[in-house]
K.L.:
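What follows is a structure written as structure tokens; I'll ask about it next.
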Amino acid sequence: MSSPLDKPQIISHFQKSLNYTVFDSKWIPCSAKFVCLGNYARGTGVMQIYEVQQGEAQLIKEQEFPKPIKCGTFGATSLQQRHLATGDFGGNLNIWNLEVSGTPVFSVKAHKEIINSIDGVGGLGIGDGAPEIVTGSRDGTVKVWDTRQKDSPVANMEPGEGETKRDCWTVALGHAFNDQDRCVCAGYDNGDIKLFDLRNMSLRWETNIKNGVCCVEFDRKDINMNKLVATSLEGKFHVFDMRTQHPTKGFSSVSEKAHKSTIWQVKHLPQNRDIFMTTGGAGNLNLWKYEYPSQRSKTDSDDLAVGVAGSVTLLQNATVSTQPIASLDWSPDKKGLCVCSGFDQTVRVLIVTKLSQV
Amino acid sequence: MAPNAEKRVTGRNMSAGNKVIELQLQMRQNAEDLQSYMSELQSWETDIKKRDEELRTGGLQQDQKSLPPVRNIDYKTKMRERKKKKKKKEPMSNGDAKAVESKDASRIKAYDYKSWDKFDVDQALSEMDKEESPAESNESDSESEADRDKMLAEKEKGNAFFKEGKATAFFRLNKYAVAESDCNLAIALDSNYFRAYARRGAARAALKKYECALEDYEMVLKLHPGNVEAQNEVKQITETLRHQAPAVLSEATQEAPEHQGGQEEGSRREEEEEQQKRQEAAVQKDRGNAYFKEGKYEAAVECYSRGMEADSLNVLLPANRAMALLKLERYKEAEEDCTKALSLDRTYTKAFARRATARVALGKLQEARQDFLEVLKLEPGNKQALTELQKLHTSAPPSGLLQTADGSHRRTVQPIDKPTHLQSAKPLRRIEIEEVSGEVTVSEGESEGSKLLIKEVMKEAEDDSSPLSTSPSAKVIKMEELADAPSLPESNLSVQKSFSPPRHGAEGRPNRQQEVAPPPPSAADLPPPPTNSFQLEADLRKLGQQPEVIYRYLRQVEPEAYASIFQNSLEPDILNQILSTLHGFYIKHEEASLTLRVLSTLASLRRFDMAIMFLSSPEKKVLNELFHFLHRAELEAPCVAALQRKYGV
């Protein structure tokens, strides 16, 4: 029985039209609320908090800021505080207490230009070690922040003098399975993917996937690196098996042509790391499942271990909009619930059924 | 849909028909999945909102884990220091010096290669030279500040200092000769550097070159009048020299009379012994400090203990041991040590501070507060004391360190592993597990609410099968022991009895297997009337082969309600079950008019025609008998006859 109906269904639960461009939407952990970050037409930033109430989104709070907000994360906050870290067009990293409006609890001019991407680890019980935030910016630098150190980043990854500064589009944290180990992965507009090891403070691996890297994500942040998905401008995505690193070949990968347009986002299901959703530039969503090969590594002629990539299968696809879906976030608390927002100034809450059966 | 279905029934196009049916089945399943997801979502919504509220009001407390230090802090402070050193002339602000000092002392991680590259060996040596208590890093106090300034000043002497530092290291390694030569070098580089003289003096004294040592110490006193160390040493060496002279003399003459010895000799020897012991204590203290710096707290404690044995009056030994014990989380002993130290010196702030820390950990908050206050009295503005006091103030009295740690485990149920012969011989009792997650809705008595509850339970079972599922565990599961609940309504009990399997008798323990088997549904857990076909189907499946219970269940349903329950999805199986229940029980127990109403409602359903076609001949027989019964009941004959025609019998 392999009819399309047998598979998980992607259903739009409800949607809400907004009067601003929304760049990012995130579930507030341990709640039925989500936060939308964006840009008013008049050039100011906005943050709105909605609560799901019997199939409707109810606006709870709204705040306007001088600079448009590009991205946000709850990754480095405790469950008690649930502070949202945001990056804005002016290059500022702010951390907000959502219970109190007004001034941020932490604020730093992190970059010279727009912060394109932000990620956090060490909070919410996900990942060992200190809570840290990583930001990637158009100014070409990737910086790691610890809120206990106010003025400067704890690590700064920037191109050497004389090298051209590439626009960093996406960053992701991972490999935080003990107090010391931690990795930052960054994707750049020229197709570069760089993996920085924060323990050794060194570049661990780099590759180029030819097209601009729109989004990278580890399947899990708090385990020994397992898989990394990188999506590209031209509609391809790559899944890297991060368990086995070959000294010259690096990590092996499988790539798949998914959407006929840019793949804006990839997000792994918090309840099952082998399932992930990609969002396309034509408003479509694809749900994928990664299948491991029978053996994840083999030895090559020089007796060195080299990884073996698995395969990906498309579980379901759905089109929810005509405009790109720029952000997607699975609810960490309810399996199958996700929020996504696109450039049609609409935020949607989606339901994906039968996820436990795949 | 309908024509397709007909096609299948007539069997003209079997394969296509099958496909269509499959498709229909799928679609229906999907719709039901979605429906159940939605209702689940609603209960999740209430659940999660409750948890959210708890979080917001601070109801849920997580234990605070200790965080590793800020990344690359060592590296950065070193860099900063380097820069500062380059600008030598700029006076260092006190605040900065303090900060650098405290960070400096934190150990560089073994893996932190970059920091090791930058590791300043001379400075580490100078720190060793400070002869300070090991816990300096914990308290930024005026003492360390002063040392800091001194050190920086010394540092400017550059190479001379380095040589001298090296000498210190060799001295520690008991390579006195090498140390001496290093000191010579240092003195050559900087002839005014009194420390080098002092060090050389010590080395020479150890090498038993007492005259040279004396010279060195005198030089120190010349360069640095009032140097207590040197003064002491000079005194000591002159004494030793005086001893040595007669000893040599006696050795030479072989027969030197020892009459001047006597009492004087005895007291001197005692004094000497004391001196030795004191030295031994100092050595042990140094060794302990070194171990402490390496993080070998156990070894450090041992050294301090030995030192205490040698010299019980040294206040630093118990205080340092307390610090090491604190690190080992042996708070009780740490507290005792601090008390000991304080009995030797009431003004030793650090001992107060450490005892306070120990007491906080032991939950003696009141006493800890006292200690911190004492610290502040002795040293107004002590940062550690201030912050700790504030913490004590804010944290509610019962939340000691240990208690929170316990609290985090409160909800974990530990598995019990007992050998069979130790297990209770009492027969096992059945424990009813009742889900109270949907409590609120249930108490309203709405059928809607109870439906939610049931779905919840079913979903749970489903989740168990997949290991990756993580359902929020905010629900409280309440357990009731049946035997302990005599308040159960009498009628329920009787029903239970009538269904429960015959007991095995008194001999032996009841079969465990039987105890585990699902309990026969009693009236107590008769499902509420269904509101849709899915639920009806699920309930019937659950009730299984118990016609009487099914009858009781169906009797709850108003005949007219079937129309809204089934809408357009009447399954032959269900129809069958209803009919057989009608036949088996309604004929006996209910009025004929009720049966008629049920049958006519069923007949008006949209997919009734199709369902009827699937009836087998025994089922038709059941129908026949039903109608027979209706005819006998003398209801309106035309109505019954029309219905009979609809049913095709």
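Here is how names work: the chains are called A, B, and so on, in the same order as the sequence lines, proteins then strands, and each is numbered from 1.
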K.L.:
Looking at A/Asp146, A/Leu355, A/Val144, A/Leu269, which has the largest count of heavy-atom pairs under 4.5 Å with chain B?
P.N.:
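Greatest number of close heavy-atom pairs with chain B: A/Asp146.
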K.L.:
Taking side-chain contact (heavy atoms from CB on, under 4.5 Å) as the definition, give me every residue that meets it alongside A/Asp219, ordered by chain and number, with sequence neighbours left out.
P.N.:
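So A/Asp219 forms a side-chain contact (heavy atoms from CB on, under 4.5 Å) with A/Ile223, A/Asn226, A/Lys227, A/His268, A/Arg273, A/Tyr292.
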K.L.:
Are there over 12 heavy-atom neighbours, none belonging to A/Gln63, within less than 6.0 Å of that residue's CD?
P.N.:
yes
K.L.:
Under a 4.0 Å N-O cut-off, is there an ion pair linking B/Glu45 with A/Lys334?
P.N.:
no
K.L.:
Between atom OG1 of A/Thr353 and atom CE of B/Met38, what is the distance when rounded to the nearest 0.5 Å?
P.N.:
10.5 Å
K.L.:
Could you grab the distance from atom CG of B/Asp52 to atom SG of A/Cys30, nearest 0.5 Å is fine?
P.N.:
6.5 Å
K.L.:
Could you tell me which residues satisfy side-chain contact (heavy atoms from CB on, under 4.5 Å) with A/Thr77, sequence neighbours excluded, listed by chain and number?
P.N.:
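For A/Thr77 the side-chain contact (heavy atoms from CB on, under 4.5 Å) partners, ignoring immediate neighbours, are A/Phe74, A/Gln81, A/His83, A/Leu124.
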K.L.:
Contact part of A/Ile28 toward chain B, heavy-atom cut-off under 4.5 Å: side chain, backbone, both or neither?
P.N.:
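A/Ile28 has no heavy atom closer than 4.5 Å to chain B.
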K.L.:
How close do B/Val70 and A/Gln149 get, heavy atom to heavy atom, and via which atoms?
P.N.:
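So the two residues come closest at CG1-OE1, 3.3 Å.
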K.L.:
How far apart are the closest heavy atoms of B/Pro68 and A/Ala130, and which atoms are they?
P.N.:
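Taking B/Pro68 first and A/Ala130 second, the nearest heavy atoms are CG-N, 3.5 Å.
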K.L.:
Could you grab the distance from atom CD1 of B/Ile48 to atom OG of A/Ser331, nearest 0.5 Å is fine?
P.N.:
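B/Ile48 atom CD1 to A/Ser331 atom OG measures 7.0 Å (nearest 0.5 Å).
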K.L.:
Which atoms of A/Glu99 are under 4.5 Å from chain B, going by heavy atoms: the side chain, the backbone, both sets, or neither?
P.N.:
side chain
K.L.:
So which residue, A/Gly55, A/Ala32, A/Ser31, ends up with the most heavy-atom pairs under 4.5 Å with chain B?
P.N.:
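Top option by heavy-atom pairs under 4.5 Å: A/Ser31.
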K.L.:
Which answer fits A/Leu337, side chain, backbone, both or neither, if we ask what part of it has an atom under 4.5 Å from a heavy atom of chain B?
P.N.:
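Both parts, backbone and side chain.
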K.L.:
Just how far is it from atom CD of A/Gln9 to atom CD of B/Gln26, taken to the nearest 0.5 Å?
P.N.:
8.5 Å
K.L.:
A cation-pi test, strictly: NZ or CZ of A/Lys335 under 6.0 Å from the centre of the six-membered ring of B/Tyr37 and no more than 45 degrees from its axis. Yes or no?
P.N.:
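Not flagged: A/Lys335 not positioned over aromatic ring of B/Tyr37.
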K.L.:
Once you round to the nearest 0.5 Å, how far does NZ of B/Lys49 lie from NZ of A/Lys33?
P.N.:
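Between B/Lys49 NZ and A/Lys33 NZ, I get 9.0 Å after rounding to 0.5 Å.
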K.L.:
Rounded to the nearest 0.5 Å, what separation is found between the CD1 atom of A/Ile11 and the CG atom of B/Leu34?
P.N.:
4.0 Å
